Amino acid sequence: MVKQWFKSGSPWIWMTGGAVSISLISVIGLLAMIAWKGLSFFWPSQVMQYELEGSITKQTVIGEIYDRELVPKSRLAATGIDVSKFEKDEVERLLIKTGNREYVDLDFRWILETDITQSSAPKALAVFERSKNGNFYGYVESVIKDGETITTDKVETLHDLVERAVDLNDEALNLQNGDIGHINYELERLRLQEKAYLLDNELTDERVAELAQARADLRAQYGELEKELFALRNQAKRDQVTVKDMRGEIVTIPLYQVLDVWFPNDMGFFAKLGHYFVQLGKFVSDDPREANTEGGVFPAIFGTVFMVMLMAVIVTPFGVVAAIYLHEYAAKNAITKMIRIAVINLAGVPSIVYGVFGLGFFVYMVGGSVDQLFYPESSPTPVFGTPGVMWSALTLAILTLPVVIVSTEEGLSRIPSTVRDGSLALGATKVETLWRIIIPMASPAIMTGLILAVARAAGEVAPLMLVGVVKMAPTLPLDGNFPYIHLDRKFMHLGFHIYDVGFQSPNVEAARPLVYATAFLLVSVIITLNITAIGIRNHLREKFRSLEH
């Protein structure tokens, strides 16, 4: 019976099904763990107040519980703590985020459970999210509105004034990055234009006067906008709030530094849920702050998607044309066989090697030549002769080219030769047969190769570190300045953001949740791109299904 059962093939079916199930469970479990550790960071946690005394001097600690762990007494004794009064072999200790970074050494600290004499969660405890120095925890004492101290209805007044300050700061930032940034961009273009005229011996007195007049007009506009900018900043600096911190000191916080304020111990479930989605939205839409350990990741999201789409536009035509030539035109000989082997082997080359190649060939050789031919006025500052988003896209296009070639050629090989013969017999040329019949029928396979290429390119980091990605990009590759798409600019990437926050951050504890959140976001971006491509592939498959019959 067992022998017949093995011959029937049922064990292999069960083995395959079990392997697939284990793989799916592992992937789903991994994603769930990343999502939980990352997305739970934005939930407004309870803020505790602890009275401590024992192995440390008597003091008050206010903060959020980040982690718990059991520590053996021997480990504590090795640090010089008296453990003679401890009854248990292990002592629980808590990792507390205390914030108030400018008044304490670190905004995280461990406290022993045995040192806690009293713990509470007062409803009046406030959390201030600030543009620098992290969160601030304390009790609101008063609100200073335009020089007037307010102690009644201070919470409602505080929320209104914080919202006002945030709106003014946003308006000032939009003015600085928008109109003022455009004027600076135009002034730089005028400088380069003047230098170009000088190099070509075309700098006449008339052109000097034109350039001088254009500069004067721009500087006049700049002066007006600068006054408006300073006025907005002064208005944002008008109000303050006084807060009593865990030291018992009264601290004055300017509201222009406050991004949000909430009282987590006084919030109900739905209030916390609303706050959670607000914080999650900020993470997706805001710029990073504090060396990437706070704020959002929008530039990294934009850079990742932009670079991947640019790479897809480059790799698809080259991969498809190469596959068509190898399958439809190239002779079946040893050279063609060696080319196919070389293409397959390229898929196994380490990605960092592609980065070195991109840096040497694209950046230094091609980019340097482009600068000499078309941008001599920018010398010695390189334009394309430095890492940028275009060179990153080209490098990843070469990295993923074998995937597209192999997938497309597999799709071409599945098309019966009778389809080609029938088209040629009806009078169509070979080019017409390829364009109207073969390529449409192979389009699902082309999209499959593109899906695999996008999935790999979106997660690559090593080559990008050499050819364009940076820790902080001052501007996006896309803006309102002509020519609007700036392929020479450096960009941010979610994968590099994970590396930078997780391994280069001076505050590891604060950065850890952001690593999980950014990792989950990167996976979500890859899944979204893949689902979009799969949808297009399925549409093409249904559209050209009739050509198979």
Side-chain angles (χ1 to χ4, degrees), residues 28-50 61-69 94-101 107-111 119-131 133-140 155 158-159 162-163 166 246 258-290 292-298 300-301 494 497-498 501-502 505 507-525:
I28 293 173
L30 177 63
L31 291 178
M33 185 270 291
I34 294 174
W36 171 255
K37 287 186 173 291
L39 300 182
S40 61
F41 169 73
F42 304 102
W43 186 262
S45 304
Q46 191 177 43
V47 180
M48 302 297 297
Q49 176 173 321
Y50 296 103
V61 170
I62 295 175
E64 303 176 31
I65 299 176
Y66 253 58
D67 197 5
R68 298 171 181 264
E69 70 175 16
L94 311 177
L95 179 62
I96 307 297
K97 181 181 180 180
T98 57
N100 306 16
R101 194 175 296 164
D107 55 355
F108 285 85
R109 62 178 295 180
W110 289 98
I111 63 173
S119 63
S120 59
K123 293 184 177 181
L125 271 175
V127 180
F128 292 86
E129 181 185 2
R130 300 182 293 174
S131 57
N133 291 328
N135 290 349
F136 195 94
Y137 302 90
Y139 297 92
V140 177
V155 175
L158 177 61
H159 284 295
V162 167
E163 185 177 355
V166 169
M246 64 184 183
V258 178
L259 301 174
D260 198 1
V261 58
W262 63 94
F263 298 81
N265 298 341
D266 196 30
M267 297 170 68
F269 174 76
F270 291 103
K272 288 186 175 183
L273 187 64
H275 179 84
Y276 172 79
F277 284 110
V278 169
Q279 293 296 105
L280 195 59
K282 289 181 181 179
F283 177 70
V284 174
S285 61
D286 286 356
D287 292 340
R289 308 187 308 270
E290 300 287 311
N292 286 340
T293 59
E294 294 185 14
V297 292
F298 174 75
I301 298 173
L494 286 172
H497 190 272
I498 293 171
V501 174
S505 172
N507 198 341
V508 178
E509 298 296 342
R512 187 183 302 163
L514 289 178
V515 171
Y516 286 109
T518 308
F520 180 75
L521 191 58
L522 176 59
V523 173
S524 300
V525 168

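Fair warning: this is a prediction, and the values are worked out from it, not measured in the lab.
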A side-chain contact here means heavy atoms from C-beta on lying under 4.5 Å apart; do Leu273 and Trp43 qualify? yes

Please report the interatomic distance CZ(Phe41) to CD(Gln279), rounded to the nearest 0.5 Å. 8.5 Å

For the residue pair Trp36 and Ser40, what are the closest heavy atoms and their distance? O-OG, 2.5 Å

Looking at Val258 and Val166, what are the two nearest heavy atoms and their distance? O-CG2, 3.7 Å

Quick check on the 6.0 Å ring-centre criterion: do Tyr66 and Phe108 meet it? yes

Look at the aromatic rings of Phe42 and Tyr276 and report parallel, tilted or perpendicular, splitting at 30° and 60°. perpendicular

Side-chain donor or acceptor of Asn265 paired with backbone N/O of Pro122 under 3.5 Å: yes

In the structure I gave you, are the side-chain heavy atoms of Ile301 and Val284 within less than 4.5 Å of one another anywhere? yes

Nearest-0.5 Å distance that lies between atom CD1 in Ile96 and atom OG1 in Thr98: 9.0 Å

Got Phe283 and Leu39 here, is their nearest side-chain heavy-atom distance under 4.5 Å? no

Taking the side chain as C-beta and beyond, is there a heavy-atom pair between Phe298 and Asp286 under 4.5 Å? no

Heavy-atom count check: over 12 atoms from other residues, nucleotides or ligands less than 6.0 Å from Trp110 CH2? yes

For the residue pair Glu294 and Leu514, what are the closest heavy atoms and their distance? N-CD1, 3.9 Å

Straight-line distance of Asp260 CG to Glu163 CD, nearest 0.5 Å: 10.0 Å

Ala126 to Val261 - nearest heavy-atom pair and separation: CB-CG2, 4.3 Å

Taking Pro264's backbone N and O only, do any of them form a donor-acceptor pair with Gln46's side chain (distance below 3.5 Å, no angle check)? no

Output the distance between atom CG (Leu95) and atom CD (Glu64), rounded to the nearest 0.5 Å. 11.0 Å

Considering all heavy atoms of both residues, which atom of Ile65 and which atom of Met48 are nearest to each other, and what is their separation? CD1-CG, 4.2 Å

Side-chain contact, heavy-atom cut-off 4.5 Å: Thr518 with Val501? no

Heavy atoms of other groups near Lys37 NZ, more than 12 under 6.0 Å: no

Kindly say whether Tyr137 contributes a backbone atom to a donor-acceptor pair with the side chain of Asn100 at under 3.5 angstrom? yes

Gln49 and Leu125: which non-hydrogen atoms are nearest, and at how many Å? CB-CD1, 4.5 Å

Under the side-chain contact (heavy atoms from CB on, under 4.5 Å) rule, what do Leu259 and Arg289 come out as? Steps first, then yes or no, please. CA-CA 12 Å; Leu259 301 174; Arg289 308 187 308 270; 3.3 Å; yes

With a 4.5 Å heavy-atom cut-off, do Tyr516 and Met33 have their side chains touching? yes

Just how far is it from atom CZ of Phe136 to atom CD1 of Ile62, taken to the nearest 0.5 Å? 9.0 Å

Flag the pair Glu129 / Trp262 as yes when at least one side-chain heavy-atom distance between them is below 4.5 Å, and no otherwise. yes

